[in-house]
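We count ligands from 1, going down the list as the structure has it; atoms in each ligand are counted the same way. Note that the structure is a prediction, hence the values are computed from the model and not measured.
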Amino acid sequence: MQSIGIVGGGIGGLTLALACRQAGFKDIYVYEQASHIEGLGAGIQLSPNASRVLIALGLKNALTGVASYPQAVHLRAWQSGYLVAQRPLGQFSEDRYGFPYYHLHRADLHQVLLDAALANQVTIATGKTCLSLDTHQGKERINFADGSDAAHDVVIGCDGIHSAVRKTLFGADEPRFTGHVAWRGMVKADRLPKGLISSAVTAWMGPKKHFVHYYVSRGELVNFVGVVEAAEEAQKDSWSEESWRRSGDKAEIVEDFRDWHPSIATLINAADQCFKWALYDRDPLANWSAGRVTLLGDACHPMLPYMAQGAAMAIEDAWVLSRMLENWEDETAKGFLEYERYRRPRTSKVQLGSRAQGQQFHLSDKWKVLKRNLRLGFGSRFLPDVAMQQLDWLHGYDCVKGFD
Ligand SMILES: Cc1cc2nc3c(=O)[nH]c(=O)nc-3n(C[C@H](O)[C@H](O)[C@H](O)COP(=O)(O)OP(=O)(O)OC[C@H]3O[C@@H](n4cnc5c(N)ncnc54)[C@H](O)[C@@H]3O)c2cc1C
């Protein structure tokens, strides 16, 4: 039985540890750079393609205790609030795909994953920043910033967008700053006027900007993300930084959404703090694996957040990779190539789809806006079944039942 070293204790790394445990592996180590594992003060949407994996890992009860359940997706015009299009979620999602659409606080999701990993005898070492890897006495060795090292039969880099494992395998990548900056914040629901925020996840689409909000934590909190295409000058500024923890000046986001529907200003003003994240884009990677080392999640396919699928893809990866490790235990390198072969087309499609989705949200030309709104509105009002079918490839994907 192989010993598995996982670099990164984020959503992807912890899900992988659990999936490997369920596949029968016993010797599983997660190395996390932070001094303790914690989620951030942000929300996350998990569509049925991801919730089915988490439920297969036995997390249904724990997630039910902390989730919110959006009843629909609403797409609205930025200024008038006109409902351009809608799609049902909630019970509809469960009936169509068999699994729920969750809205979660990231801290809750991390806690659920961490508790399950510890209960399943996964070893978690914190304060371990991976700097590089090498092969030593037939094992893959992880070298840490504190001077220590650890050797395993296989190593998986789940260390996110700035992956040190990816750099060791394939060199530094060259992301492109999209010029898009994501603001985010969280507000206690009872601070807001009653009825301001509906039970739908709502995306307001406007010229060069969009704004999304939804409930998390059983409806106790409202999470929001506002994306703006920053001016050229601002792009050169020092805040073009990919980080969840960079706080920003609230007055700036108020200004960014000044002419928008008044409910957006009410929501932003109720937040104690806002954070900003500069959004970078990367092309799909040609290779994910080298020998007995591979990558998972943002480490190999970071994507723009416009389809809300980055974590979902990491969760799907985790299930598939654990089963490939099980099936190819004596030939891990081949198993890793199979994992890539199976996963890369799907994650590349979502990566490129997210890029395109951002462009659709941010249209400014009034004819293009009209065309988009007519297309979305017609589909949702007159051909709802056809509109829903367009998402089946994404939300209906079932890696749990097996794969070729
Ligand atoms: C604004 C925004 C909104 C989003 N909304 C959604 C959404 O609604 N739904 C969705 O599915 N996705 C969403 N995403 C994407 C999602 O957050 C990511 O795709 C997901 O977190 C990736 O998980 P991961 O485990 O691969 O990486 P991460 O979550 O980044 O975890 C990486 C872990 O590795 C650790 N680490 C990093 N370097 C090292 C090192 N050298 N050594 C040891 N440990 C290391 C980090 O501390 C971290 O714990 C959003 C992203 C953004 C920016």
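Taking a cut-off of under 4.0 Å to the non-hydrogen atoms of Gly160, the atoms of ligand 1 that pass are 27 (O), 30 (O), 32 (C). Of all the atoms in ligand 1, the ones that sit under 4.0 Å from a non-hydrogen atom of Lys128 are 42 (N), 43 (C). Set against the non-hydrogen atoms of Cys158, the atoms of ligand 1 under 4.0 Å away are 32 (C), 33 (C), 34 (O). Residue Trp277 approaches ligand 1 through these ligand atoms, each under 4.0 Å from one of its heavy atoms: 53 (C). Residue Tyr31 approaches ligand 1 through these ligand atoms, each under 4.0 Å from one of its heavy atoms: 43 (C), 44 (N). Close approach to Val7 involves these atoms of ligand 1, each under 4.0 Å from a residue heavy atom: 42 (N), 43 (C). Listed by number with element, the atoms of ligand 1 under 4.0 Å from a non-hydrogen atom of Ala164 are 41 (N). For ligand 1, the atoms closer than 4.0 angstrom to any heavy atom of Gly297 are 26 (O).
Looking at Gly43 next to ligand 1, no N or O pair under 3.5 Å apart turns up. No N or O atom of Thr129 sits closer than 3.5 Å to an N or O atom of ligand 1. At a 3.5 angstrom cut-off on N or O pairs, Ala312 counts as close to ligand 1. For a threshold of 3.5 Å applied to N or O pairs, the pair formed by Leu279 and ligand 1 contains no separation below that value. Below 3.5 Å of separation, one finds no N or O of Val225 facing any N or O of ligand 1. At under 3.5 Å, a nitrogen or oxygen of Ala308, whether backbone or side chain, sits near a nitrogen or oxygen of ligand 1. Geometrically, ligand 1 and Asp298 share a nitrogen or oxygen pair separated by less than 3.5 Å.
A centroid separation of 6.0 Å or more is found between the aromatic rings of Tyr214 and His74.
Counting only distance, with no hydrogens or angles, the side chain of Gln121 and the backbone of Lys26 share no donor-acceptor pair below 3.5 Å.
Checked against His210 for a ring-ring contact (aromatic ring centres under 6.0 Å, His included), the options Trp78, Phe224, Tyr306, Trp204 give a single hit: Tyr306.
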From CA spacing to verdict: salt bridge (Lys or Arg N to Asp or Glu O under 4.0 Å), Asp283, Arg355: CA-CA 10 Å; Asp283 289 326; Arg355 201 181 277 177; 2.9 Å; yes

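A cation-pi arrangement is found for Arg346 relative to Tyr397, the charged atom lying closer than 6.0 Å to the ring centre and inside a 45° cone about the ring normal. The cationic atom of Lys349 (NZ for Lys, CZ for Arg) lies less than 6.0 Å from the six-membered ring centre of Trp393 and within 45° of the ring axis. A cation-pi arrangement is present between Lys128 and Phe144, with the terminal nitrogen or guanidinium carbon under 6.0 Å from the aromatic centre and inside a 45° cone about the axis.
When Glu32, Arg106, Arg184, Gln45 are ranked by how near their heavy atoms come to atom 5 (N) of ligand 1, first place goes to Arg106.
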Validation: residues 54-65 side-chain donor-acceptor distances under 3.5 Å, sequence neighbours left out:
| from | atom 1 | to | atom 2 | distance (Å) |
| --- | --- | --- | --- | --- |
| Thr64 | OG1 | Lys60 | O | 2.7 |

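Residue-level proximity to ligand 1 for Gln309 is carried by the backbone, the only part with a heavy atom below 4.0 angstrom.
Note that the CD1 atom of Ile44 and the CG atom of Leu104 stand 7.5 Å from one another [nearest 0.5 Å]. To the nearest 0.5 Å, the span separating CG on Leu14 from CD1 on Ile124 amounts to 5.5 Å.
Note: Trp260 and Phe257 have perpendicular aromatic rings, judged against thresholds of 30 and 60 degrees for the angle between ring planes.
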